[in-house]
2 protein chains.
Amino acid sequence: MPKRVDHEERRAQIAEALIQVAGRRGLHAVGMRDVAAEAGVSLRLVQYYFETKEKLLFYGLQHLTARFTARVGARLAAAGPDPGPRAMVEELLLASLPTDDESRTFHLLYSSYAILSVTDEALAAQPFIDNPDAAEHALTGLLEQAQASGVADPDADARTEAISLLAMAATLGTSILVGQRRPESAIAVLRHHLDRIFTTAETPERGAGRG
Amino acid sequence: MPKRVDHEERRAQIAEALIQVAGRRGLHAVGMRDVAAEAGVSLRLVQYYFETKEKLLFYGLQHLTARFTARVGARLAAAGPDPGPRAMVEELLLASLPTDDESRTFHLLYSSYAILSVTDEALAAQPFIDNPDAAEHALTGLLEQAQASGVADPDADARTEAISLLAMAATLGTSILVGQRRPESAIAVLRHHLDRIFTTAETPERGAGRG
DNA sequence: ACATTAGTGGTACGGTCGTACCACGAAGAA
DNA sequence: TTCTTCGTGGTACGACCGTACCACTAATGT
């Protein structure tokens, strides 16, 4: 057993285990022993790297959001350099829907943390609302940019539409999670509103294409 | 101490206690002893009327939804006989926002149950999705009725708009709950979409008024 | 070589939680 | 009246959970 372990790496590994087991059995049902078993380490190790369960949970939240933000960024990058604003917005919204294991886990756990934060002030004090606010701001910017480019309804209120789209995506995601709705149905609803806001179809050949 | 107690009344009283304490400290933090203390009865009594905690939680969910459905109905009735379709829809959506203690508790607990049902199959088996489906169906009907009356955009897809409005109301409610958004902001967003769907302003003097 | 310290394991402790068990009083049935 | 049964209280039990404690190993510093 080597000495001088990279603490941050170890903490990330344990946080990953927390996310996995919490995604399976629910955040409320996860204990230190479960996390240790999932990570393949001893209970003492989890205690060593996170002194308390509260700190483990906080770190897990940070790790969860960082991980998913990176994933969404990667999906955006994979959509090619400078896709249309509509494609960008659509990718952003659809990426948040729980359509595979990772997004499903993210949606479930993020919602769990959010609900928990209502009655847990220590969790509420965590930088939590920053993420929705950032998403709202980013989406508003994209819509305004689309309006300036003439591909979105210039009379629309970009901020209100951004809030609306994100709000719909969130609940639609939850309804997928609980099995009320199928992903295609949720996507159709979101696309309907994008069709309403964006005035032109995708025309990848106009403007600065791929050069 | 009188004999022959009305079981249903007692169960309702205990369920009420469950809702109160869960609304304050979170559904995850509520125990049988807390419920008993809140209801002013002994732990044994809670056991007597609900053999197990699981049954207590199930009954609490039923009680919660029944209670809130009744409240929304009362608010609709208080809006006067035959208000316009728009007023009806607006009342319905706004009633679901957490703007006072009772609606706040409802929103918090219903969300908690929903999230819990994702990883708890016994809870998922409970008639849970019926409520959103019923709301969706009812709202769709109201919108179609508004279209038939000529007060709503006839080109709109009533079902899609109903889903969208409910989805927005849900997430906006949660954002109020976590302190991200103020109720007025949420109401403004909803009203924006009602203005988009409904083509005429409220004209209470047309049609069959109060007689 | 020796002392120190980071890393790791095992385990015990105190508390809490859901449930089960035991006892007793009082209303209805005979 | 006597017996049964419903309602009620108190309490104990077993399990689990988060945390603390103790021991041991192996690198690091001098």
Side-chain angles (χ1 to χ4, degrees), chain A residues 1-22 24-61 109 112-113 116 119-123 126, chain B residues 1-22 24-61 109 112-113 116 119-123 126:
Chain A
M1 303 105 174
K3 271 300 188 59
R4 233 43 181 224
V5 176
D6 183 338
H7 272 224
E8 211 48 43
E9 188 180 342
R10 200 70 112 156
R11 286 161 67 90
Q13 173 203 350
I14 295 177
E16 204 69 38
L18 162 68
I19 290 170
Q20 293 307 316
V21 64
R24 279 200 308 270
R25 302 212 289 258
L27 189 60
H28 69 284
V30 58
M32 308 275 287
R33 288 167 176 84
D34 303 302
V35 174
E38 179 80 15
V41 300
S42 71
L43 168 62
R44 182 65 182 86
L45 256 278
V46 180
Q47 275 189 269
Y48 183 72
Y49 290 102
F50 305 90
E51 278 106 59
T52 175
K53 186 187 183 183
E54 189 177 51
K55 291 178 183 171
L56 170 61
L57 287 178
F58 288 175
Y59 189 91
L61 173 58
L109 295 188
S112 300
Y113 275 112
L116 227 48
T119 49
D120 185 330
E121 58 176 297
L123 193 54
Q126 217 69 3
Chain B
M1 303 107 175
K3 272 299 186 63
R4 234 43 184 218
V5 176
D6 183 337
H7 273 221
E8 210 48 43
E9 188 180 345
R10 201 71 113 155
R11 286 162 68 90
Q13 172 203 351
I14 295 176
E16 202 69 37
L18 162 68
I19 290 169
Q20 293 307 316
V21 65
R24 279 200 308 270
R25 303 212 288 260
L27 189 59
H28 68 286
V30 57
M32 308 274 289
R33 288 167 176 83
D34 303 301
V35 174
E38 179 80 15
V41 300
S42 72
L43 168 62
R44 182 65 183 86
L45 256 279
V46 180
Q47 276 190 270
Y48 184 72
Y49 290 102
F50 305 90
E51 278 106 58
T52 176
K53 186 187 183 184
E54 190 176 52
K55 291 179 184 172
L56 169 61
L57 287 177
F58 288 174
Y59 189 92
L61 173 58
L109 295 188
S112 300
Y113 275 112
L116 227 48
T119 49
D120 185 329
E121 58 176 296
L123 194 54
Q126 217 68 3

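Protein chains get the first letters and strands the later ones, always in sequence-line order, with residue 1 at the start of each.
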Quick one: do B/Arg33 and B/Glu38 make a salt bridge, cutoff under 4.0 Å? no
Output yes when at least one side-chain N/O atom of B/His7 is less than 4.0 Å from OP1 or OP2 of D/dG7, else no. yes
Heavy atoms, side chains only, cut-off 4.5 Å: are A/His28 and B/Leu116 in contact? yes
Is any side-chain heavy atom of A/Val5 closer than 4.5 Å to one of A/Arg10? yes
Mind calculating the distance between NZ (B/Lys55) and C1' (C/dG18) to the nearest angstrom? 14 Å
Between D/dG18 (P) and A/Ile14 (CD1): distance, integer Å: 14 Å
Taking side chain as C-beta onward, heavy atoms only, is A/Gln47 less than 4.5 Å from A/Thr52? no
Starting the side chain at C-beta, find the nucleotide from D/dG7, D/dA12, C/dG9 nearest to B/Tyr48. D/dG7
Let's see if you can work this out: which of D/dT8, C/dG18, D/dT19 has an atom nearest to the side-chain heavy atoms of B/Tyr49? D/dT8
Kindly say if B/Thr52 contacts the phosphate of C/dT19, meaning a side-chain N or O under 4.0 Å from OP1 or OP2. yes
Minimal non-hydrogen separation, B/Val35 against B/Val21, with atom names: CG2-CG1, 4.3 Å
Can you see if the side chain of A/Ser42 gets near the phosphate of C/dG10 - specifically, an N or O under 4.0 Å from OP1 or OP2? no
Once you round it to whole Å, what is the distance between C1' of C/dG7 and CD of A/Gln13? 14 Å
Grab the two heavy atoms, one from A/Gly60 and one from A/Ala15, that are nearest each other, plus how far apart they are. CA-CB, 4.5 Å
Closest to side chain of B/Lys53, choosing from D/dT8, C/dT19, D/dG18: C/dT19
Below the 4.0 Å mark, does D/dT8 have OP1 or OP2 next to a side-chain nitrogen or oxygen of B/Arg10? yes
Is the shortest heavy-atom distance from the side chain of B/Leu61 to the side chain of B/Leu123 under 4.5 Å? yes
Angle of first-five versus last-five pair axes in the helix from C/dA1-D/dT30 to C/dC24-D/dG7, to 10 degrees: 10°
N/O-N/O pairs, protein side and nucleotides 21-24 of chain D side, under 3.5 Å:
{"unit_1": "D/dC21", "atom_1": "N4", "unit_2": "A/Arg44", "atom_2": "NE", "d": "3.1"}

Given atom CG of A/Asp6 and atom P of C/dA6, what is their separation to the nearest angstrom? 16 Å
What's the closest nucleotide to the A/Leu45 side chain, out of D/dG18, C/dG9, D/dT8? C/dG9
How long is the line joining NE2 of A/His28 and P of D/dC16, in whole Å? 15 Å
In whole angstroms, the gap separating C1' of D/dA12 from CG of B/Leu43 amounts to 12 Å
Separation of B/Asp34 atom CG from C/dT16 atom C1', in whole Å? 10 Å
Answer with base, sugar-phosphate or nothing: what part of the nucleic acid does B/Phe50 contact at a heavy-atom distance below 4.0 Å? nothing
To check you understand the geometry: which heavy-atom pair defines the closest contact between B/Glu54 and B/Ala122, and what is its length? OE2-CB, 3.5 Å
For A/Leu57, does its backbone N or O pair with a side-chain atom of A/Tyr113 as donor and acceptor, under 3.5 Å? yes
Side-chain heavy atoms of A/Leu56 within contact of A/Tyr49, under 4.5 Å: no
Measure from CZ on A/Arg33 to P on D/dG18 and round the result to the nearest Å. 7 Å
